[in-house]
Amino acid sequence: KYSEIDKLEVALIENIQREDLNPIEEAIAYQKLLEIAQINQEELAQRVGKKRSTIANALRLLKLPEDMQNALASGTITAGHARALLSVNDTTDQRILFGRITGSGLSVREAEQQASDLNNGGRVSVAVAPSKKEPPKDPDIADLEQRFMEVFGTKVSLKGTLDKGSLVIEYFSKDDLDRLYDIIFKE
C-alpha cells in the first residue's frame, strides 16, 4: 500500500513527464520531489529518466528573479535566454540584458554574446576621453541610478544633483522603447 508521500511522488513524476509543463513548472516539480523524497539530484534523475545535468539546469532557473521566471513561464523568453541571464555575474547587468532580450527580441546566441560582453566589462555607453577625469559620483545618485536600472532593465543616468537635473533612460530599439513606455505608464 502506498503512503501519502509515495502517492505524491508518483503524481509529481507523472506531472513532470507531461509534455506541456513550462520550464518553471518543471523546475518547481523537481524541487518538490527533492524535498519530499529527500533524495539528491542523481537519484531524482534516475527516477524521472533524465540526465542529472538536465535536473541541475532546470533547478538553476529558480534562481532567476520572479519577473524573469514569469517571462520564462509565459514564453516571453526561452530557457536558452534564461541560461544566458543566469550566466551574468552582476544583477544590474542581468536586468539590462533582460530588458534587451524582451525589448529587442535578441536570439539566444545574441543574448549569450551580450552576457559574455557584460561579464567582461562591456557596456553600451559613450566612452569618456582618458584626459577627462570625471569627479566621483554622489553615492546617493549612484544608488538611485541603480534602482532605476533594476526597474527599467536598461542603462539609466542621472545628470545633476538630487535637487535638480535630468534623467536619461536608454533604449536600443522601437520594441525596447515600447517596453519602457509600458513600464512607465502601466497604470
Side-chain angles (χ1 to χ4, degrees), residues 8 11-37 39-42 44-45 47-120 122-124 146-156 169-186:
L8 191 53
L12 277 168
I13 290 171
E14 286 175 354
N15 201 18
I16 289 167
Q17 291 168 338
R18 280 194 0 241
E19 295 293 316
D20 57 350
L21 285 183
N22 71 54
I24 294 297
E25 290 170 331
E26 189 173 338
I28 291 169
Y30 291 146
Q31 187 70 50
K32 283 182 185 171
L33 261 172
L34 288 170
E35 290 167 9
I36 291 167
I39 56 176
N40 63 33
Q41 290 181 10
E42 188 64 49
L44 176 59
R47 288 191 192 187
V48 298
K50 305 235 178 190
K51 291 181 180 167
R52 193 205 58 79
S53 60
T54 303
I55 305 291
N57 283 331
L59 291 170
R60 282 181 58 227
L61 298 174
L62 298 177
K63 292 183 175 150
L64 285 171
E66 190 177 349
D67 60 330
M68 294 181 199
Q69 286 186 33
N70 292 341
L72 178 56
S74 70
T76 304
I77 66 172
T78 67
H81 288 117
R83 282 190 291 279
L85 288 165
L86 284 165
S87 75
V88 176
N89 301 326
D90 180 79
T91 55
T92 301
D93 288 344
Q94 190 181 55
R95 284 261 149 237
I96 289 169
L97 181 57
F98 180 63
R100 290 178 188 171
I101 291 169
T102 56
S104 304
L106 296 182
S107 71
V108 172
R109 178 105 32 242
E110 290 167 331
E112 290 167 345
Q113 182 58 57
Q114 289 199 18
S116 174
D117 292 347
L118 287 167
N119 284 337
N120 292 320
R123 297 288 180 282
V124 180
Q146 177 74 29
R147 293 184 5 222
F148 274 119
M149 283 188 235
E150 288 171 6
V151 169
F152 293 119
T154 193
K155 183 165 174 44
V156 176
I169 304 170
E170 295 188 19
Y171 59 93
F172 303 95
S173 70
K174 170 83 168 75
D175 289 339
D176 209 15
L177 181 60
D178 290 341
R179 180 185 64 79
L180 289 166
Y181 181 89
D182 290 343
I183 290 170
I184 294 168
F185 297 106
K186 67 181 167 195

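Numbering starts at 1 and runs along the sequence shown.
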To the nearest 0.5 Å, what is the distance between [atom1] ([X]) and [atom2] ([Y])?
X: Q69; Y: I24; atom1: CD; atom2: CD1; value: 4.0 Å
X: M149; Y: T91; atom1: CE; atom2: OG1; value: 10.5 Å
X: M68; Y: I101; atom1: CE; atom2: CD1; value: 8.5 Å
X: Q114; Y: S107; atom1: CD; atom2: OG; value: 9.0 Å

Could you work out, with side-chain hydrogen bond (donor to acceptor under 3.5 Å, both in side chains) as the rule, every residue matching [X], not counting sequence neighbours?
X: N70; answer: none
X: E42; answer: none
X: T78; answer: H81
X: S53; answer: none

Do [X] and [Y] have side chains that get closer than 4.5 Å, going by heavy atoms?
X: L34; Y: L59; value: yes
X: L97; Y: L106; value: yes
X: Q113; Y: D117; value: yes
X: F148; Y: I169; value: no

Closest non-hydrogen atom pair, [X] against [Y]:
X: P23; Y: L61; result: CB-CD1, 3.7 Å
X: A115; Y: V88; result: CB-CG2, 3.6 Å
X: E110; Y: G105; result: OE1-O, 4.5 Å
X: L33; Y: I39; result: O-CG1, 4.3 Å
X: Y30; Y: L44; result: O-CD2, 3.7 Å
X: Q94; Y: L85; result: NE2-O, 3.0 Å

Self-check item: Step-by-step side-chain contact (heavy atoms from CB on, under 4.5 Å) determination, I183 to V151
Solution: CA-CA 8 Å; I183 290 170; V151 169; 4.1 Å; yes

Quiz item: Can you list every pair that meets salt bridge (charged side-chain N to carboxylate O under 4.0 Å, His left out) and has a residue in residues 51-69, with sequence neighbours left out?
Solution: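 As it turns out, the salt bridge (charged side-chain N to carboxylate O under 4.0 Å, His left out) pairs with a partner in residues 51-69, which skip direct neighbours, are D67-R95.
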
Quiz prompt | Side chains of E35 and Q31, donor plus acceptor under 3.5 Å | solution =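 Yes, because at least one side-chain N or O of E35 sits under 3.5 Å from a partner of the opposite role on Q31.
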
Quiz item: Are the side chain of N89 and the backbone of N119 linked by a donor-acceptor contact shorter than 3.5 Å?
Solution: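 No.
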
Quiz item: Between S74 (side chain) and A71 (backbone), is there a donor-acceptor pair under 3.5 Å?
Solution: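 Here the side-chain-to-backbone pair exists.
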
Practice problem: List the steps, then state whether side-chain contact (heavy atoms from CB on, under 4.5 Å) holds for L64 with L86. | Solution: CA-CA 7 Å; L64 285 171; L86 284 165; 3.8 Å; yes

Quiz item: Could E112 and R109 be called an ion pair, given the rule that one side-chain N must be under 4.0 Å from one carboxylate O?
Solution: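 Yes, this pair counts.
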
Quiz item: Residues in salt bridge (charged side-chain N to carboxylate O under 4.0 Å, His left out) with R179, at least two apart?
Solution: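 R179 satisfies salt bridge (charged side-chain N to carboxylate O under 4.0 Å, His left out) with D176 only.
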
Quiz item: Mind checking whether Y181 and F185 have parallel, tilted or perpendicular rings, split at 30° and 60°?
Solution: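 Ring orientation, 0 to 90° scale: tilted.
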
Quiz prompt | From CA spacing to verdict: side-chain contact (heavy atoms from CB on, under 4.5 Å), I77, F98 | solution = CA-CA 9 Å; I77 66 172; F98 180 63; 4.2 Å; yes

